[in-house]
Structure formats: C-alpha cells, structure tokens
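To start, the structure under review is shown below, and the notes come after it.
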Amino acid sequence: MKRRVRKHLPNTITCANLFSGCIGIVFAFQGNLLIASYAIFLAAIFDFFDGFASRVLNSYSFIGKDLDSLADMVSFGFLPSAILYELFLKAPQINHVSDYLCYVAFLITVFSALRLAKFNNDTRQSDSFIGLPTPANAIFIASLPLIIEQYEVLARFILNPYTLTVLIVIMCTLLVSELPLMSLKFKNRDFNKNIFRYLLLMFSAILILFFKFVAVPVVIFMYITLSLIQTKITNDKVPG
C-alpha cells in the first residue's frame, strides 16, 4: 500500500494541477477572469507540491516528467492565453485597432510549448532554469485581472491592446531566452548558498503583504534581477 502511494501520489497532484487548469479555461471563456486567475495560482501550488512529493518520496519517473509538462501546457500555457484573449476583448480600443489582434494572445501558448520542450531536453536545467519558467509567466498573467479589479488607474493602462501586445512579446521572449534563472528548490539549509532564494522569498512576502496582487509583476522582475546577480557572482568566482 505504501509503495503504491509513493508511486502515484506525485502524479495525482500533477493531475490536480491539470484539472485546475481545465476548470480555469472554462471560467476564462465565460468571462470570469478572477476565477480563471485563481485557478492558475491553485495549479501553481499543485505544481510545486508534485515536485516536492516526488523528491521526498523518491518516486521520480519519466511518465511523471511527461505528465508534468502536459499539465503545465494546459495550466500555464493555454489558460494564460485564454485570459489574455478575454482581456483583449474587454479593451475599449480593440474595435478601432484590429479584429484579429486578440489572437496574438495565443502566442503565449506557442512559446510555452517551446519552453517546456526545451526544458525537457536541456541538460543545463537540472538545477536552474534557462529562460522564464512557464509557472512564473502564468502567475504574472494571472495577476493582471486581479490588478484590474483593484486599481482603476492601472486597469486603463492594462486594458489597452497595445499594452497587452507589448507584454505578450516581452513574455514570449523571456520564455525562450537564454537568461539563466535560479530554481527555488532548496537542496540544503545553508544560508550562504541560498541567500538569493531567501532574499526573493522575504521581499516577495513583504511586497505581496502590502501591495497584494499588484506586487506580482515586481516580484517577477526581482526574480530575474536576483538570478542575474547570482549568476554573475558565481561566474566571477570561477577561476580562468
């Protein structure tokens, strides 16, 4: 019994990630973007714990790896595109720009697929990431409807087809870029070896506590910045 639990628990959690993404897509196309955004956050929690369970139970499998990518493709690839598509439709100026511009939203799905395929076949990404991880990208997009709901000034800025298009281009570029970004997996409790992870978690908690969802884009930017600083320091320590 214990052996079966050890074998199937991580994949069960991954399936919960996938299920959350599917439900979120339904709500997104119904125009309920708040629930769709919460579905991404829920999927991200499941995505964290399936990897955590796999490491703790030592139950890694190739099926689990493939299932994780398939679930991420739905929850962090297609669902964010569905949210962006609906944001385009809600933009007051969209009818004066182009009836087809809203389909640019699905470039996030395309580049997320490229990012996941690259991750599965890139041996450099065993302990860190090359390019923005799809969950981080999806969380950034999920924050947009929540920011729109809370801040009218920012809502006018975000609900602009040109703003949305620029954001999509930037996020797609980050997904497949060669940027070295740190993983949030703690292999030990050594403070010096994990200082940038601790800094990210500490400042993220403070920012979210005071600024709520509007802090999410700042946290993503901080994640990229701290990762680049960590990489530079590590490279400077390497002799030659």
Side-chain angles (χ1 to χ4, degrees), residues 17-18 20-22 24-25 28-29 33 36-37 39-41 43-44 47 68-91 93-94 97-122 124-125 128-148 154-155 157-184 213-228 231:
N17 166 8
L18 176 58
S20 299
C22 293
I25 290 167
F29 285 127
L33 300 187
S37 295
I40 287 180
F41 286 107
D47 184 59
D68 185 69
S69 293
L70 292 169
D72 287 356
M73 187 62 225
V74 174
S75 299
F76 308 132
F78 187 67
L79 176 51
S81 285
I83 290 175
L84 286 169
Y85 174 79
E86 290 294 326
L87 288 178
F88 268 109
L89 297 183
K90 292 177 182 293
Q93 305 99 323
I94 190 64
V97 180
S98 172
D99 293 334
Y100 302 103
L101 186 61
C102 55
Y103 298 119
V104 172
F106 295 101
L107 286 176
I108 291 293
T109 302
V110 174
F111 279 81
S112 293
L114 291 170
R115 171 71 181 86
L116 290 166
K118 181 181 177 182
F119 175 78
N120 284 348
N121 293 278
D122 192 342
R124 299 174 298 168
Q125 300 192 58
S128 60
F129 298 118
I130 305 296
L132 187 67
T134 53
N137 178 63
I139 287 172
F140 169 79
I141 293 170
S143 71
L144 298 181
L146 300 169
I147 293 171
I148 290 170
L154 292 176
F157 173 73
I158 295 171
L159 286 178
N160 181 301
Y162 296 111
T163 300
L164 293 171
T165 301
V166 170
L167 284 176
I168 289 168
V169 171
I170 292 173
M171 302 314 289
C172 286
T173 302
L174 289 174
L175 282 169
V176 296
S177 69
E178 287 292 307
L179 280 176
L181 301 176
M182 63 181 166
S183 166
L184 295 182
F213 294 107
V214 76
V216 172
V218 179
V219 169
I220 299 298
F221 175 77
M222 185 168 55
Y223 167 58
I224 295 172
T225 303
L226 288 175
S227 295
L228 294 177
T231 300

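This chain uses plain numbering: 1 for the first residue, then up along the sequence.
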Which pair of heavy atoms, one from [X] and one from [Y], lies closest together, and at what distance?
| X | Y | value |
| --- | --- | --- |
| S75 | I40 | O-CG1, 3.8 Å |
| F140 | P217 | CE1-CB, 3.5 Å |
| L79 | A28 | CD1-CB, 4.2 Å |
| A91 | L159 | CB-O, 3.6 Å |
| P161 | F88 | O-CE2, 3.5 Å |
| G24 | A39 | CA-CB, 3.6 Å |

- Message: Tell me whether S69 contacts the main-chain N or O of L116 through its side chain, where contact means a donor paired with an acceptor under 3.5 Å.
- Response: no
Do [X] and [Y] come close enough that some side-chain heavy atom pair is under 4.5 Å?
| X | Y | answer |
| --- | --- | --- |
| F76 | N17 | yes |
| L114 | F111 | yes |
| L132 | Y223 | yes |

- Message: I'd like to know whether CZ of F29 has more than 12 heavy-atom contacts from other residues, nucleotides or ligands below 6.0 angstrom.
- Response: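 Enclosed: over 12 neighbouring heavy atoms sit under 6.0 Å from CZ of F29.
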- For L164 and L84, run side-chain contact (heavy atoms from CB on, under 4.5 Å): C-alpha distance rounded to whole Å, both residues' side-chain angles, the deciding distance at 0.1 Å, then the answer. CA-CA 8 Å; L164 293 171; L84 286 169; 4.2 Å; yes
- Query: Would Y85 and F78 count as a ring-ring contact (aromatic ring centres under 6.0 Å, His included) if you check the C-alpha gap in whole Å, the side-chain angles of each, and the deciding distance to 0.1 Å?
  - Reply: CA-CA 10 Å; Y85 174 79; F78 187 67; 9.6 Å; no
- side-chain hydrogen bond (donor to acceptor under 3.5 Å, both in side chains) partners of S227, counting only residues at least two apart: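 Once residues adjacent in sequence are excluded, S227 has no partner under the side-chain hydrogen bond (donor to acceptor under 3.5 Å, both in side chains) criterion.
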- Task: Start with the C-alpha distance between K90 and I148, add both sets of side-chain angles, then the distance that settles side-chain contact (heavy atoms from CB on, under 4.5 Å), and finish with yes or no.
- Result: CA-CA 11 Å; K90 292 177 182 293; I148 290 170; over 6 Å; no
- Task: With sequence neighbours left out, write down each residue that passes side-chain contact (heavy atoms from CB on, under 4.5 Å) with S112, or none if nothing qualifies.
- Result: I108, T134, N137, L175
